[in-house]
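Step one of this worksheet: look at the structure below.
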Amino acid sequence: MRKLTLNEIQAVELENLKIIDRICQEQGLTYYLAYGTLLGAVRHQDFIPWDDDTDIWMPRRDYEAFIAYCEHALPTPYRIVNRENTPGYPYGLARFSNQDYEFVSTKPSEQFSAGVFTDIYPLDENGSSYPVARQLYHRCKLVNMAYYAYAANWPQNCLTRSVHRLYQGLVDWVWGENFAQAVDEKIQRIILAKTKDGAQKVGVPAWPDAGPHLLDKAYFGEGKYVPFAGSFFRIPVKPEPILQEYYGNYQELPPATDRQPHHDYKIYPQ
């Protein structure tokens, strides 16, 4: 079976973004292009030529409302993938997925149905200072690691298989089928306990795989629409300081050797 080319993957991801944008406009929800997708919009007005996925941020309230809407209203072949509805999915963020395509990863921890997807990161309060943000980063990471160890598929030998089954059995005995929900609720309690001062800083402590980052809420605002791959999508109203926080001199292209997809998976038509 022929795998999709990078351009074909980007074309499907563009359709994902169009559907997400339409739903958000219809439901009065806010999103912003994020990470490499935001960088592509600002620097290229398009995908970064070698980028193989799309990312968005959503404020927590909009994130929860979007997931609730998608769980009952998405037409085939689209679905929301998250820890609560997809066995083996270990990540603390949702994915908007086109299931007309088969996602095949070489990572043992990524053996789940993802299709061609857009990652959706929840924006939460992230403390008033970097010491607080770092505390959130480490505490949320520990909780996420507990779920990752439970849900992910690891390379198996007799010892690791026995240990994994013992851990899963213990978790199932304590939480039953509610471990994913318990983990997400625990993370929200951690965030709330550290952000009661209402500081005007946000980030993604719930899935802190990129380290602790503090971003002013004013950088996001209501957002603005900019051209991207022949369409228009919402980005933060002040994207420059956000991109500087994550990428430094974001207008400078990386070395030629780094201009290639960074994810270890292939996509095939179903």
Side-chain angles (χ1 to χ4, degrees), residues 30-43 48 51 53-64 67 82-83 89-95 107 109-110 118-152 180 182-221 223 235-252 254 258 262-263:
T30 297
Y31 78 91
Y32 313 94
L33 299 187
Y35 302 119
T37 314
L38 173 62
L39 178 57
V42 171
R43 192 172 66 192
I48 296 174
D51 201 5
D53 74 344
T54 46
D55 304 302
I56 65 172
W57 290 302
M58 298 187 80
R60 170 63 66 173
R61 182 177 298 179
D62 299 274
Y63 175 86
E64 300 291 354
I67 290 174
N82 61 24
R83 287 198 281 219
Y89 182 78
Y91 304 126
L93 66 143
R95 285 180 168 173
K107 294 181 179 179
S109 59
E110 289 189 333
T118 296
D119 281 334
I120 308 174
Y121 291 82
L123 279 175
D124 286 304
E125 301 281 347
N126 205 24
S128 57
S129 66
Y130 272 99
V132 174
R134 280 192 288 270
Q135 288 181 38
L136 279 174
Y137 170 80
H138 291 296
R139 292 194 64 189
C140 292
K141 186 173 183 178
L142 283 173
V143 178
N144 277 309
M145 286 173 64
Y147 191 83
Y148 199 98
Y150 170 82
V183 164
D184 290 339
E185 290 175 352
K186 174 65 173 177
I187 287 172
Q188 284 304 294
R189 289 195 299 272
I190 291 170
I191 294 171
L192 180 62
K194 290 291 185 180
T195 58
K196 290 181 178 178
D197 57 2
Q200 298 296 301
K201 303 285 186 180
V202 295
V204 190
W207 185 249
D209 60 341
H213 294 280
L214 275 180
L215 305 167
D216 286 350
K217 287 183 181 178
Y219 296 163
F220 292 89
I235 69 169
V237 70
K238 295 181 179 179
E240 296 82 8
I242 299 174
L243 291 171
Q244 289 169 0
E245 169 75 16
Y246 282 102
Y247 303 109
N249 183 8
Y250 61 89
Q251 291 289 6
E252 182 179 345
D258 292 338
H262 296 294
H263 295 92

Is the side chain of [X] donor-acceptor paired with the backbone N or O of [Y] at a distance under 3.5 Å, no angle test?
X	Y	result
T37	L33	no
D62	T30	yes
D119	L93	no

Check whether any side-chain heavy atom of [X] lies under 4.5 Å from a side-chain heavy atom of [Y], and answer yes or no.
X	Y	value
V204	D124	no
D216	K201	yes
D51	D53	yes
Q251	N249	yes
L215	E245	yes
E125	K194	no
L136	I190	yes

- Show your working on side chain to side chain contact (heavy atoms under 4.5 Å, CB included) between R60 and Q188 and close with a plain yes or no. CA-CA 10 Å; R60 170 63 66 173; Q188 284 304 294; 2.8 Å; yes
- Would you please name every residue forming a ring-ring contact (aromatic ring centres under 6.0 Å, His included) with F220, sequence neighbours left out?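 With neighbours one apart ignored, the set is Y32, W57.
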Would you give the length of the straight line joining atom [atom1] of [X] to atom [atom2] of [Y], rounded to the nearest 0.5 angstrom?
X	Y	atom1	atom2	answer
I120	T54	CD1	OG1	9.0 Å
R61	L123	CZ	CG	14.0 Å
L38	I242	CG	CD1	6.5 Å
N126	Q135	CG	CD	11.5 Å
S128	L214	OG	CG	8.0 Å

Nearest heavy-atom pair of [X] and [Y]: which atoms, and what distance?
X	Y	result
V237	A218	CG1-O, 3.5 Å
C140	P205	CB-O, 3.1 Å
P122	A206	CG-CB, 4.3 Å
A133	P212	O-CB, 3.8 Å
I235	A41	CG2-CB, 4.3 Å

- Y89 and Y91 aromatic ring geometry - parallel, tilted or perpendicular at 30°/60° bounds: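 Perpendicular, since the angle between the ring planes exceeds 60°.
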- Can you check side chain to side chain contact (heavy atoms under 4.5 Å, CB included) on I48 and R43, steps first, answer last? CA-CA 8 Å; I48 296 174; R43 192 172 66 192; 4.2 Å; yes
- Query: Would one find more than 12 heavy atoms of other residues, nucleotides or ligands at under 6.0 Å from atom CZ of R139?
  - Reply: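 Open.
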- Message: Set out, in order, the CA-CA distance, both residues' side-chain angles and the distance that settles side chain to side chain contact (heavy atoms under 4.5 Å, CB included) for T118 and I56, then state yes or no.
- Response: CA-CA 7 Å; T118 296; I56 65 172; 4.2 Å; yes
- Message: Is a donor from one side chain sitting under 3.5 angstrom from an acceptor on the other, for N144 and R83?
- Response: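 Yes, side-chain donor-acceptor contact under 3.5 Å.
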- Message: Does Y63 form a ring-ring contact (aromatic ring centres under 6.0 Å, His included) with Y121? I'd like the steps, not just the answer.
- Response: CA-CA 8 Å; Y63 175 86; Y121 291 82; 9.2 Å; no
